[in-house]
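Following: one structure in structure tokens, then a few remarks.
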Amino acid sequence: MRLAAVDLACRRGARDVFAGVSFAVASGEALTIRGRNGAGKSSLLRQVAGLVRIAGGQLTIEGGDPELTIGEQAHYLGHQDALKSSLSVAENLRFWAGFFDAGSTDLEKPLTAVGLGGLADLPAAYLSAGQRRRLSIARLLAVKRPIWLLDEPTSTLDQPAQERLAEFMRSHLTGGGLILVATHGDVGLDGAQELRLDSSFSRSSECGHGGDG
Amino acid sequence: MTPLAAILVRDMRLSVRVGGGALMGVLFFVTVVTLMPFALGPDLVLLKRIGPAILWLAALLASLLALDRLFAADHDDGSLDLILMGRMPLELVVAAKALAHWLTTGLPLIVAAPLIGLLLDLDAPAEGALVLTLIAGTPALTFIGLVGAAIAVTLRRGGLLLAVIVLPLTVPVLIFGVAAANAAVGGTVPFGTPFTVLCALSLASSAVGPFAAAAALRQEME
């Protein structure tokens with residue numbers, strides 16, 4: 001499987017966020033996306049996920065299931081955790097596993113892997129920010145999808161959890177998956193390609209639109 | 001569990017849990033109808049005559065009550081993003097959410113209606129007709145409201161806009177619902193005529209509603 005972008009452009013509202021972004025990621029490879037705040041890291045991931053319209057350029061996938069869109073083969077771990085406070089930890093995970101049609105998944109394993117094994121019956125309302133993030137990560141483990149789109153995955157995680165996440169990512173890559181991760185720090189993926197979104201383009205366009213607020 | 005069953009079960013669970021809309025809707029319904037005799041006075045003839053209209057109006061407002069969170073809650077916590085990335089067509093997901101909404105907010109109204117109908121001096125045939133019209137008509141309210149909920153999804157306080165969008169569209173449902181309920185207690189038209197139109201409204205809105213709502217959601221997510 002190979003995910004490639006050629007001259008990708010993104011426009012949000014009246015602002016050109018980025019243009020001319022190209023990359024290619026194959027199975028077993030990872031791409032770290034770096035850039036200032038507002039450079040379009042999240043927008044790029046959301047474009048790959050099919051949640052933001054592509055303003056120009058092309059995004060293609062080779063291999064994979066031809067019946068499915070890129071978004072339908074991808075996991076998206078965004079800033080929002082997509083958890084319901086009034087449902088328990090297990091109910092939240094069971095819902096997403098069911099919705100993504102994972103069949104009869106053993107939920108105990110992913111929950112234990114992210115360190116929430118003992119909290120399965122606790123309402124998600126009582127989880128800390130880091131625990132909510134871990135529960136979202138458990139979704140990636142419970143349902144197999146080849147593309148992982150991670151937006152600042154380590155932001156609320158403590159050091160041991162960050163190391164666990166790096167392990168999960170490495171084993172996902174070993175299993176033939178591919179990962180796009182937007183981050184400011186180090187996610188623990190050695191040998192990942194790097195994409196910088198700090199092009200002069202986005203800076204100048206931001207200056208140009210500064211006046212109309 | 002299939003994706004649609006997962007949505008159905010989750011939404012029903014959410015609406016009966018803390019902060020859900022199931023109990024709120026039916027309590028609102030009971031409260032509004034209970035207040036009517038106090039406002040109108042103990043005129044049994046009057047209450048009996050306008051009883052079906054009061055119950056229908058209260059049911060309409062009550063079913064609107066929990067509607068504004070139908071998609072907004074999923075939008076706010078990021079669930080809608082993931083739902084859009086599912087392999088299930090959005091139209092079907094939306095229809096499953098509507099069904100869950102009807103089962104948890106529409107159905108309790110139908111169960112409560114004959115009980116509080118007693119407060120308005122409705123007799124057995126009138127109660128029966130009322131329940132039948134609510135069964136036939138409340139799905140239309142849900143599916144019309146579904147479109148409004150999808151349009152108002154990104155707005156912080158979309159509830160008022162929702163009411164403004166949805167209430168005018170529900171006028172036909174209200175007219176034929178009340179007409180059918182009144183017909184059963186001795187109106188000029190036979191029961192079957194307005195009742196058939198009511199069924200048609202429900203069927204048409206359940207066919208069109210999910211497509212319109214899904215289109216609105218896709219547009220909003222851009």
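Naming convention: chains lettered A, B, ... in sequence-line order (proteins, then strands); numbering from 1 in each chain.
- The contact between B:D74 and chain A is made by backbone and side chain atoms together, counting heavy-atom distances below 4.5 Å.
- Surrounding CD of A:Q193 are more than 12 heavy atoms belonging to other residues, nucleotides or ligands, all under 6.0 Å away.
- In this structure a side-chain-to-backbone donor-acceptor pair under 3.5 Å is missing from A:Q80 to B:S79.
- More than 12 heavy atoms of other residues, nucleotides or ligands lie within 6.0 Å of CZ in A:F23, so this atom counts as buried by the packing criterion.
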Tabulate below the donor-acceptor pairs under 3.5 Å that side-chain atoms of residues 87-94 of chain B make, not counting sequence neighbours, or state none.
| residue | atom | partner | partner atom | Å |
| --- | --- | --- | --- | --- |
| B:R87 | NE | A:E72 | O | 2.9 |
| B:R87 | NH2 | A:E72 | O | 3.0 |
| B:E91 | OE2 | B:R218 | NH1 | 3.2 |

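- Between atom CZ of residue B:R10 and atom CH2 of residue A:W96 there is a gap of 5.5 Å, rounded to the nearest 0.5 Å.
- Closest of all the heavy-atom pairs between A:G98 and B:A6 is C-CB, 3.8 Å.
- Dense packing is recorded around CG of A:L68, with more than 12 heavy atoms of other residues, nucleotides or ligands lying under 6.0 Å away.
- For A:H75, the part lying near chain B is the backbone, with the side chain staying farther off; criterion is any non-hydrogen pair under 4.5 Å.
- Only the backbone of A:L83 comes within contact range of chain B, with at least one heavy atom under 4.5 Å from a heavy atom of that chain.
- Screening B:V9, B:L14, B:I7 for a side chain to side chain contact (heavy atoms under 4.5 Å, CB included) with A:F95, the sole residue that qualifies is B:I7.
- Along residues 116-145 of chain A, the residues that come nearer than 4.5 angstrom to chain B, judged on non-hydrogen atoms, are A:R139, A:R145 in order of number.
- Residue A:L87 touches chain B through both its backbone and its side chain, counting heavy-atom pairs closer than 4.5 Å.
- A:L77 CG to B:D81 CG: the interatomic distance, rounded to the nearest 0.5 Å, is 11.5 Å.
- Contact tally against chain A (heavy-atom pairs below 4.5 Å) for B:L4, B:L80, B:I83: the top residue is B:I83.
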